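Okay, so here's the structure we're looking at.
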Number of protein chains: 2
Amino acid sequence: MKESKYAPIYRQIVQDIQRGFYKTNAILPSENELSQQFGTSRETIRKALNLLAQNGYIQKIKGKGSVVLDVKKMSFPVSGLVSFKELQQSLGRDTKTIVYDFGLIHPDELLQQQLQIKPDAEVWKVIRSREIQGERIILDRDFLLKDYVPLLTKEICEQSIYEYLERELKLQISFAKKEIVVEPCTDEDRSYLDIEGFDHVVVVKNYVYLEDASLFQYTESRHRLDKFRFVDFARRAHR
Amino acid sequence: MKESKYAPIYRQIVQDIQRGFYKTNAILPSENELSQQFGTSRETIRKALNLLAQNGYIQKIKGKGSVVLDVKKMSFPVSGLVSFKELQQSLGRDTKTIVYDFGLIHPDELLQQQLQIKPDAEVWKVIRSREIQGERIILDRDFLLKDYVPLLTKEICEQSIYEYLERELKLQISFAKKEIVVEPCTDEDRSYLDIEGFDHVVVVKNYVYLEDASLFQYTESRHRLDKFRFVDFARRAHR
DNA sequence: GAGTGGTCTAGACCACATC
DNA sequence: ATGTGGTCTAGACCACTCA
């Protein structure tokens, strides 16, 4: 897979914004200027700029130009598919992952429905807690189809399943449907989380799809109420 | 503003998917075929298809084609800027809006920070509860800059502020930063919500921006725990 | 009126999937 | 080998903003 021409341009401009070369509320050079600067066509520049807009770095205004948005306000994990490992790194705090349960199972009825599989399918089940600054704040329940993930080890689960899938197995995750609700604590929550007297948890349910549009993973992240935070950057829906 | 050529193509294909002309997991006609069908260039077709992909209708797969995704699974308000009025319509349940507080104020320190304004700026403050099937479930706290909204009435607040802004004032909302956290109930929550013994609420904080990238509204939606639900469709972040 | 971003075109080459 | 979507180009016209 050869890299596209607009990708390094995108990264360059992101860097220029983050390092303050382009300041908040400033106007980027016009698309024609950028074409010349980068020695490419205008449409290619536009692909890079559209990515910047999608990811909340700029706002394009017809007739005026591309305004640099306040990157500090946007910087927190922008919606989506960010893994705990990445989150952890960006937070830079003392974090730890503890694996409580790990193995192959056959799905119960609920899971069959969630993953759209038959009862005889095999599924990896992983229960982990995430400790931040000495407190177990998040309980992750992962279910992965064995068809796509032939092997999984406890060691991998202690690191990052996500990285393993992408780096080792070359599985390309392409999109996810996310649902956020609040549920009463289960016994499992009380066992594996430092629940601090709360009687509810925030549950983030993730249905994860691969590049070929097949559903292959269901993940549930159960957060202690007081530590939960979700940030989303939403472009206006197209009409 | 003339409408673009790809917009009606996009709508046509959405309709074809929703009405089952293109079925789940089927492959759309290729981009070349569609160019011919619609009598346009391939790049224009690609703009329409990219919109479909962004909005979760299809998944494009290199070398194969565009797969139709399960629209029933995706249909709930896809992330973002959906207003209560729209939500209400899609739910089709008995709903009511009650306005408790309404008027012009000068911002306190927190609000100055949130809206990035000076103490002498004028701000519309609106406190409303949303009743669904006889229960007051959501408390909306809206703050709008008077600079952009010269007039506001209680009647408008009982209907939809959102619609008023777009239809009457022609204000184009372009993007929003959303933050979801859980907070302990305030006295206000207890007064204006049927709180049912819960001691926390889910708070959705919205920072709303106009087309010219100016922040003009801060809105807080406070939901009773058991009735909160948020759905998001996230494409994989670009790397 | 000059400059901006938004759209559209026709043609080209590539990497990938399928047969 | 053929067909697919992904990228890139050079040029064109439009609607918009601002001086």
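Each chain gets a letter, A, B and so on, in the order its sequence line appears, and its residues count up from 1. From a predicted model like this one, the values you see are computed outputs, not experimental measurements.
- With sequence neighbours left out, the side-chain hydrogen bond (donor to acceptor under 3.5 Å, both in side chains) criterion links Gln15(A) to no other residue.
- Residue Lys60(A) contributes atom NZ, which lies 14 Å from atom C1' of dC16(D) at whole-angstrom precision.
- In this entry the distance linking CG of Asp212(B) with P of dC16(D) reads 16 Å, nearest Å.
- Remark: P of dT7(D) and CG of Asn50(A) are 12 Å apart, rounded to the nearest angstrom.
- The interatomic distance linking Leu49(B) (CG) with dG6(D) (C1') rounds to 13 Å, in whole Å.
- Put simply, the side chain of Glu158(A) never gets that close to the backbone of Thr97(A): no donor and acceptor are under 3.5 Å apart.
- Applying the 4.0 Å criterion to OP1 and OP2 of dC16(C), one finds that Lys64(B) has every side-chain N and O outside that range.
- Contacts of Arg222(A) classified as side-chain hydrogen bond (donor to acceptor under 3.5 Å, both in side chains), with partners at least two apart in sequence or in another chain: Glu183(A), Asp189(A), Glu220(A).
- In this structure, Lys47(B) does not reach the dT7(C) phosphate: none of its side-chain N or O atoms is under 4.0 Å from OP1 or OP2.
- Scored by the side-chain hydrogen bond (donor to acceptor under 3.5 Å, both in side chains) test, Ser214(B) finds Tyr148(B), Asp212(B) as partners (sequence neighbours excluded).
- The nearest whole Å value for the distance from the CD atom in Glu31(A) to the P atom in dA12(D) is 18 Å.
- Residue pairs meeting the ring-ring contact (aromatic ring centres under 6.0 Å, His included) criterion with at least one member in residues 106-125 of chain A, sequence neighbours excluded: Phe102(A)-Trp124(A).
- In this structure, the side chain of Gln59(B) does not engage the main chain of Ala213(A) through any donor-acceptor pair within 3.5 Å.
- Regarding Glu211(B), its CD atom lies at a distance of 11 Å from the C1' atom of dC16(D), rounded to whole Å.
- Rounded to whole Å, the distance from CG on Leu28(A) to C1' on dG5(C) is 12 Å.
- The distance between atom OH of Tyr10(B) and atom C1' of dT7(C), rounded to the nearest whole Å, is 18 Å.
- Taking 4.0 angstrom as the limit, Ser30(B) places none of its side-chain polar atoms (N or O) nearer than this to OP1 or OP2 of dG3(D).
- With sequence neighbours left out, the side-chain contact (heavy atoms from CB on, under 4.5 Å) criterion links Asn50(A) to Lys60(A).
- Across all strands shown, Ile61(A) has heavy atoms under 4.0 Å from sugar-phosphate atoms exclusively, and none from any base.
- At a non-hydrogen distance threshold of 4.0 Å, Glu33(B), Arg42(B), Glu43(B), Arg46(B) from residues 33-46 of chain B come into contact with DNA chain D.
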